[in-house]
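Have a look at the structure below before the remarks.
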2 protein chains.
Amino acid sequence: MADIENMEYDSLLVRFKDILKHNNLKFTKQREVVLKTMYNNDEHFSPESLYVLVKETYPELNVGIATVYRTLNLLEESDMVTSLSFGSSGKKFELGNKPHHDHMICKMCDEIIEFEDNGIEKKQEEIASKYGFKLTSHLMQLYGICKKCQKKQ
Amino acid sequence: MADIENMEYDSLLVRFKDILKHNNLKFTKQREVVLKTMYNNDEHFSPESLYVLVKETYPELNVGIATVYRTLNLLEESDMVTSLSFGSSGKKFELGNKPHHDHMICKMCDEIIEFEDNGIEKKQEEIASKYGFKLTSHLMQLYGICKKCQKKQ
DNA sequence: ATCATTGCAAAACATTTGCACAGTA
DNA sequence: TACTGTGCAAATGTTTTGCAATGAT
């Protein structure tokens, strides 16, 4: 049963349970379902859109949007999800199960393209140490117009 | 009168007036005062804090916060100001009169340190062209703990 | 004179919180 | 059992919008 397909999710789940235990928090269906929905739908979610998806997928649980917010905040504090903010609408979240990457965002269609930035990281470390700054994370977003939208113009 | 001190502001103002004219928009005291206040107080502003400062400085104009928002949005669309968003509170804006730079943000005290990133830009262009993406701008924010706050810990 | 802009208040969003009840350990 | 989590609705915070009056060209 525990085939390779589920290994990654299982390890996320174990990590989540660990975090909960270490903080004297409880493992609940709602928390599990929020994590699982993010995993099964590999995208960038707004709290609202994740909420809709969770409700559609698990209507019997009757999950409230407050719980989605609470769970996302918990997951973010525990570094299991990352948030991006751009544009005028609120944040978007993604599950941190992929290797580190950054984002290119199309101004016209809001599409998000992920890319890896081997090499830029080193430069960032250099800059930070120059200012005595202790780096914990970074956000790099490139804005512009994607291939498709360039054709439309 | 037009000494070197004011040249930079004057050129901003000319640019602003140009933008207004090209869009059939009008040059008003309120719009001018928002721009001027940003220029005179070289910082990163939330719309709210800029509003307070404008009211303090020009109480007789009785500028409303809606106008501050409208002006900031206008200035941003015209690329005269840039916005950063981070944390859970809203956006911060800065006037785009400095050479391009990025930001280091302290997680503890929210201080913003600016730095220049000669060299990273080239890499960004490379990445973008690999995806057929037409780059118009970018955002790079390094998060961590600043020198002062490290000592406090 | 014409048409955009303004301040105000209300509306629209986005997110958080208080509380009584339900669920986990 | 003890205590945390939950949904709900209300509260909060941020940004936008409709409107009648004002101001710029």
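Each chain gets a letter, A, B and so on, in the order the sequences are listed, and its residues count up from 1. Heavy-atom basis, side chains included; hydrogens, waters and symmetry copies ignored.
- For the pair B:Lys29 and B:Tyr69, nearest-nucleotide mapping onto DNA chain D gives the more 5' position to B:Tyr69.
- If you measure from atom CG of B:Leu72 to atom P of D:dT16, you get 10 Å, rounded to the nearest angstrom.
- Atom CG in A:Leu50 sits roughly 15 Å away from atom P in C:dA14 (whole-Å rounding).
- At the heavy-atom level, A:Leu25 lies under 4.0 Å from the strands shown only through sugar-phosphate atoms.
- Taking atom CG on A:Leu74 and atom P on C:dT17, their separation rounds to 14 Å, with Å as the unit.
- Ranking D:dT6, D:dT14, C:dT5 by closeness to the A:Gln30 side chain, first place goes to D:dT6.
- When distances run from any side-chain atom of B:Lys26 to the nucleotides D:dG5, C:dC3, D:dT15, the shortest one goes to C:dC3.
- Rounded to whole Å, the distance from CG on B:Asn62 to C1' on D:dA21 is 14 Å.
- With rounding to whole Å, A:Glu32 atom CD is found 15 Å from C:dG23 atom C1'.
- Comparing D:dG5, D:dA24, C:dT6 by their nearest atom to the side chain of B:Arg31 picks out C:dT6.
- With B:Glu94 contributing its side chain and B:Met38 its backbone, the two residues share no donor-acceptor pair below 3.5 Å.
- Spacing between atom CD1 of B:Ile19 and atom C1' of C:dA4 amounts to 17 Å, rounded to whole angstrom units.
- Checking the phosphate oxygens (OP1, OP2) of D:dT4, no side-chain nitrogen or oxygen of A:Asn24 falls inside 4.0 Å.
- Nearest to the side-chain atoms of B:Thr28 among the listed nucleotides D:dT25, D:dT14, C:dT5 stands C:dT5.
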Could you go through A:Lys29 and A:Val63, starting from their C-alpha distance and side-chain angles, then the distance that decides it, and tell me whether this counts as side chain to side chain contact (heavy atoms under 4.5 Å, CB included)?
CA-CA 9 Å; A:Lys29 287 191 186 65; A:Val63 174; over 6 Å; no
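- The side chain of A:Arg70 lies closest to C:dG18 when the candidates are C:dG18, C:dG7, D:dT15.
- For the pair B:Lys92 NZ and D:dT15 C1', the computed distance is 17 Å after rounding to whole Å.
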Chi angles and distances behind the salt bridge (Lys or Arg N to Asp or Glu O under 4.0 Å) call for A:Lys147, A:Glu111
CA-CA 11 Å; A:Lys147 222 171 187 170; A:Glu111 197 202 348; over 6 Å; no
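- Taking atom CD1 on A:Ile65 and atom P on D:dA11, their separation rounds to 19 Å, with Å as the unit.
- We find that B:Lys92 and B:Glu43 are not joined by a salt bridge, their nearest charged nitrogen and carboxylate oxygen being 4.0 Å or further apart.
- At distances below 3.5 Å, at least one donor-acceptor pair connects side-chain atoms of A:Thr37 with backbone N or O atoms of A:Val33.
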